[in-house]
Student: 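Before I ask anything, here is the structure I am working with.
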Amino acid sequence: MMLWLLLFFPAPIFSALDKTHGVQPAHLSKYIPAPGTPHPSWACLDGSKTIPWHAVNDDYCDCPDGSDEPGTGACPDTQFYCRNEGHIGALIPSSRVRDGLCEKECCDGSDELPGVCKNNCKTIGEEYRAKLAAERKLQKTGSKIRSTYIAFAQKEKKKLEGELQNLEREVIQRKAEVARLKDLADRAESLTEASMEQKRKSPLFQSLLTHHRALKSLQKVHREHLQREKALGDILDNLRSGYNPNYQDMAVLEAVRGWEHFAGLPHINDVKKDDEESQEDDSSPDEELPVEELEEGMWTETQLEHQLDSLLGSDYDSLLLEHDKHTETTTVDSILFDVFSYIPDFLVPQWEAARDAIFSFLSDLGLLKTGSTGKGDETGRARKALNDAEHSLKLTEDEVGKARTDLDRLFSPEWFGREGEWKKLEGLCLTKDTGDYTYEVCLFDEAKQKPNHGGSTFSLGRFAGWNDVAGVEKGSPVYYSKQQYTQGTKCWNGPARSVQLVLACGTENALLSVAELEKCEYQFTGTTPALCLPPDAGARTGHGEL
């Protein structure tokens with residue numbers, strides 16, 4: 001403190017102070033003397049008393065609220081306003097006025113007596129404005145990148161909605177397939193082996209088997225022909241590219257010309273000519289062989305190549321049961337071997353018990369082969385097909401749930417933001433090499449510590465949410481300035497590792513620093529365009545420039 005310096009200044013200097021010295025701009029209109037009196041007066045801002053106008057800023061506290069001494073330190077718990085012309089205004093506690101120390105907030109030196117502090121506002125103001133311009137440029141560039149993130153989220157929304165619709169339709173189809181296969185499995189389990197064998201003797205089933213064998217044979221011959229055609233093609237390609245036309249071997253020339261015509265290739269000599277010579281009439285390729293049109297319903301070569309195996313793998317027993325259900329054919333055999341389909345439900349248990357007893361008796365006498373009680377191979381195949389269909393349905397339903405979750409999170413403030421600006425960064429991994437370790441954080445996933453010279457990699461936690469400080473509004477820039485990663489690998493004799501990722505606006509997604517604030521509690525700092533709002537998106541907080 002340098003209060004002793006005040007002894008060198010006469011008392012009248014305080015009375016010479018401007019009455020509005022140290023007054024905030026918003027209160028200037030309140031520092032006007034009351035008119036119409038021989039001795040001007042002034043009312044304290046709290047209305048508690050009226051004092052002479054000359055008592056304002058006289059370095060003596062008259063008003064209980066201290067409003068009569070805005071430019072001195074006479075009243076405690078008040079504030080002094082530095083105008084800082086050329087820069088921005090600032091408030092300091094009145095206790096720091098006239099203390100002989102130059103406050104950096106008052107670059108104009110108005111908090112001290114004249115001559116004590118230099119006026120540096122011009123230089124500081126220029127530096128501040130240059131910094132402000134750089135920040136604005138950064139924010140503007142970053143906001144353009146951020147807008148591409150928002151556009152990505154909109155496309156992702158359409159994509160997810162399309163996928164969800166397709167998956168929901170697929171669920172309906174798979175449910176219908178499960179119902180169909182369940183009916184087949186139930187019917188198969190209700191049939192005896194003898195009944196099934198009788199059905200297999202039908203002309204329809206035998207015709208299916210004949211067609212199956214014919215297709216299998218044709219497929220084998222087709223593949224052999226394809227292999228031979230490829231081998232012959234390779235031979236003719238070698239002949240085409242390697243023969244010498246100067247020998248005038250007409251047999252070879254005819255073979256080459258024939259292959260070129262069949263394969264739709266230009267003549268090999270024309271291919272080797274310059275661009276100018278290629279314009280001549282004989283340089284154009286021969287016309288391709290006409291392709292015979294397929295009759296309606298006939299398979300293309302691609303279908304034969306890729307779908308024939310699936311067709312040959314058809315379950316003909318299931319088809320037979322479906323046909324039986326479709327035609328609802330009732331035979332004497334089906335009645336004999338499927339009696340319980342025609343008796344009341346309450347008699348089914350007794351019928352099954354009697355049937356099993358009869359089959360067991362016949363089996364013991366050697367009159368019936370073991371396994372002919374109606375649980376044949378077709379039952380196992382039908383049940384396996386049902387189980388596979390149910391499993392596929394479960395997987396598709398899981399995909400529907402995931403798609404709905406992703407869609408719900410896309411524009412959720414607690415996940416990817418109200419505009420979805422963070423979705424683009426999901427899974428993006430940022431790294432920082434500190435020498436002994438490389439630290440990595442994959443956004444919305446997991447943070448890790450990787451040793452650079454051998455050793456174990458430790459999990460530092462998984463994404464647990466955004467800034468959880470009390471009073472922070474969800475969806476605000478401050479809310480998105482921090483990410484929490486918790487429940488990492490437990491430290492030896494310590495807590496589970498965790499990370500607080502502190503983010504700021506930047507033109508790049510980058511990790512800048514790593515620090516261990518407490519044992520196994522880390523703080524990462526980084527930048528991202530996702531935090532760069534447009535410069536004019538909201539009013540700048542703080543004091544305005546004068």
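Counting from 1, the numbers follow the sequence of the chain as shown.
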Student: Answer yes or no: is there an ion pair linking Arg96 with Glu105, defined by an N-O contact shorter than 4.0 Å?
Tutor: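 Judged by the 4.0 Å cut-off on N to carboxylate O distance, Arg96 and Glu105 do form a salt bridge.
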
Student: Counting only N and O atoms by type, is there a donor-acceptor contact under 3.5 Å from the side chain of Asn467 to the main-chain atoms of Ser481?
Tutor: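 Here the side-chain-to-backbone pair does not exist.
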
Student: Once you round to the nearest 0.5 Å, how far does CG of Leu160 lie from NZ of Lys155?
Tutor: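 Interatomic distance, Leu160 CG to Lys155 NZ, rounded to 0.5 Å: 14.5 Å.
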
Student: Residues in ring pair (Phe, Tyr, Trp, His ring centres under 6.0 Å) with Tyr439, at least two apart?
Tutor: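 Applying ring pair (Phe, Tyr, Trp, His ring centres under 6.0 Å) to Tyr439 gives Tyr522, Phe524.
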
Student: Where do Leu430 and Leu443 come nearest, in terms of heavy atoms and distance?
Tutor: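 The answer is CD1-CD2, 4.5 Å.
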
Student: Ignoring hydrogens and geometry beyond distance, is a side-chain donor-acceptor pair present between Asp433 and Asn452 at under 3.5 Å?
Tutor: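 Their side chains do contain a donor-acceptor pair, which is all the 3.5 Å distance test asks for.
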
Student: I'd like to know if the side chain of Gln139 reaches the main chain of Leu533, judged simply by a donor and an acceptor atom lying under 3.5 Å from each other, with no hydrogens or angles considered.
Tutor: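 Checking the backbone N and O of Leu533 against the side chain of Gln139, a donor-acceptor pair under 3.5 Å is found.
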
Student: Taking atom CD of Glu508 as the centre, does the number of heavy atoms from other residues, nucleotides or ligands within less than 6.0 Å exceed 12?
Tutor: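 Open: at most 12 neighbouring heavy atoms sit under 6.0 Å from CD of Glu508.
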
Student: Give a yes or no answer on whether the side chain of Glu112 reaches the backbone of Val116 with a donor-acceptor pair at less than 3.5 Å.
Tutor: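 Checking the backbone N and O of Val116 against the side chain of Glu112, no donor-acceptor pair under 3.5 Å is found.
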
Student: Please answer whether the main-chain N or O of Ile124 pairs with a side-chain N or O of Asn120 as donor and acceptor at a distance below 3.5 Å.
Tutor: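 Absent.
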
Student: Evaluate disulfide (SG to SG under 2.5 Å) for Cys75 paired with Cys63, printing each intermediate quantity in order.
Tutor: CA-CA 9 Å; Cys75 297; Cys63 294; over 6 Å; no

Student: Is a side-chain donor or acceptor of Arg462 paired with a backbone partner of Gly488 at a separation under 3.5 angstrom?
Tutor: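 Absent.
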
Student: What closest approach, in Å, do Pro451 and Gly454 show between heavy atoms, and which atom pair accounts for it?
Tutor: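 That would be CB-O, 3.5 Å.
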
Student: Ring pair (Phe, Tyr, Trp, His ring centres under 6.0 Å) for Tyr31 and Trp53? Distances and angles first, verdict last.
Tutor: CA-CA 9 Å; Tyr31 284 82; Trp53 175 244; 7.4 Å; no

Student: Between Cys532 and Cys505, is the SG gap short of 2.5 Å?
Tutor: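 Taking the criterion (SG atoms under 2.5 Å apart), Cys505 and Cys532 satisfy it, so yes.
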
Student: Between CG of Asp408 and CZ of Arg404, what distance do you get to the nearest 0.5 Å?
Tutor: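 Answer rounded to 0.5 Å: 9.0 Å.
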
Student: Between the main-chain N or O of Thr528 and the side-chain N or O of Asn509, is there a donor-acceptor pair closer than 3.5 Å?
Tutor: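 Flag not set: sc Asn509 to bb Thr528 has no pair under 3.5 Å.
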
Student: Please lay out, stage by stage, how Leu512 and Thr527 fare under the test side chain to side chain contact (heavy atoms under 4.5 Å, CB included).
Tutor: CA-CA 8 Å; Leu512 303 181; Thr527 59; 3.7 Å; yes

Student: Please report the closest heavy-atom contact between Gln154 and Phe411, naming both atoms and the distance.
Tutor: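 Distance-wise, the nearest heavy atoms are NE2-CZ, 3.8 Å.
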
Student: Tell me if a side-chain donor or acceptor on Asn57 pairs with a main-chain N or O of Asp18 at a distance below 3.5 Å.
Tutor: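 Such a contact is found between Asn57 side chain and Asp18 backbone.
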
Student: Kindly say whether the aromatic ring centers of His21 and Tyr81 come within a distance under 6.0 Å.
Tutor: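 Distance test on ring centres: not under 6.0 Å, no.
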
Student: Any carboxylate oxygen within less than 4.0 angstrom of a Lys/Arg side-chain nitrogen, looking at Lys131 and Glu127?
Tutor: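 A salt bridge is absent here (no side-chain N lies under 4.0 Å from a carboxylate O).
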
Student: Asp111 and Leu101: which non-hydrogen atoms are nearest, and at how many Å?
Tutor: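 In this case the closest contact between Asp111 and Leu101 is OD2-O, 3.5 Å.
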
Student: Would you say that more than 12 heavy atoms from the other residues, nucleotides or ligands in this model lie under 6.0 Å from the NZ of Lys118, or not?
Tutor: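 Not more than 12 within 6.0 Å, no.
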
Student: Please name the residue in the list Asp398, Val400, Asp406 that meets the side chain to side chain contact (heavy atoms under 4.5 Å, CB included) test with Lys402.
Tutor: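 Of the listed options, the one satisfying the test is Asp406.
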
Student: Does Ala464 offer a backbone N or O that forms a donor-acceptor pair with the side chain of Thr486 under 3.5 Å?
Tutor: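 Not confirmed, Thr486 side chain does not pair with Ala464 backbone.
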
Student: Tell me the closest heavy-atom pair linking Gly494 and Lys490, and the distance in Å.
Tutor: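 That would be O-NZ, 2.7 Å.
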
Student: Donor-acceptor pairs under 3.5 Å, side chain of residues 420-427 to any protein atom, not counting sequence neighbours: which ones?
Tutor:
| residue | atom | partner | partner atom | Å |
| --- | --- | --- | --- | --- |
| Glu421 | OE1 | Glu419 | N | 3.3 |
| Glu421 | OE2 | Arg146 | NH2 | 3.4 |
| Lys423 | NZ | Glu426 | OE1 | 2.6 |

Student: Report yes or no: does Lys432 contribute a side-chain atom to a donor-acceptor pair with the main-chain N or O of Thr525 at less than 3.5 Å?
Tutor: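 No; judged by distance alone, with no hydrogens or angles, the pair does not exist.
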
Student: Mind jotting down which residue pairs meet the disulfide (SG to SG under 2.5 Å) criterion with at least one end in residues 406-443? Sequence neighbours excluded, please.
Tutor: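 Passing the test, one end in residues 406-443: Cys429-Cys442.
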
Student: Tyr479 vs Trp466 aromatic rings, parallel, tilted or perpendicular, using cut-offs 30° and 60°?
Tutor: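 If you compare the ring of Tyr479 with that of Trp466, the planes turn out tilted.
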
Student: Between Cys106 and Cys117, is the SG-SG gap less than 2.5 Å?
Tutor: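 Unbridged: Cys106 and Cys117.
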
Student: Within the supplied structure, the quantity of interest is the number of heavy atoms (other residues, nucleotides, ligands) at a distance under 6.0 Å from Glu516 CD; does it exceed 12?
Tutor: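 Correct, the count exceeds 12.
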
Student: Any sub-3.5 Å donor-acceptor pair from Thr148's side-chain atoms to Ile145's backbone N or O?
Tutor: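 Confirmed, Thr148 side chain pairs with Ile145 backbone.
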
Student: Phe463 and Trp415: side chain to side chain contact (heavy atoms under 4.5 Å, CB included), yes or no, with the steps?
Tutor: CA-CA 10 Å; Phe463 177 71; Trp415 276 91; 3.9 Å; yes

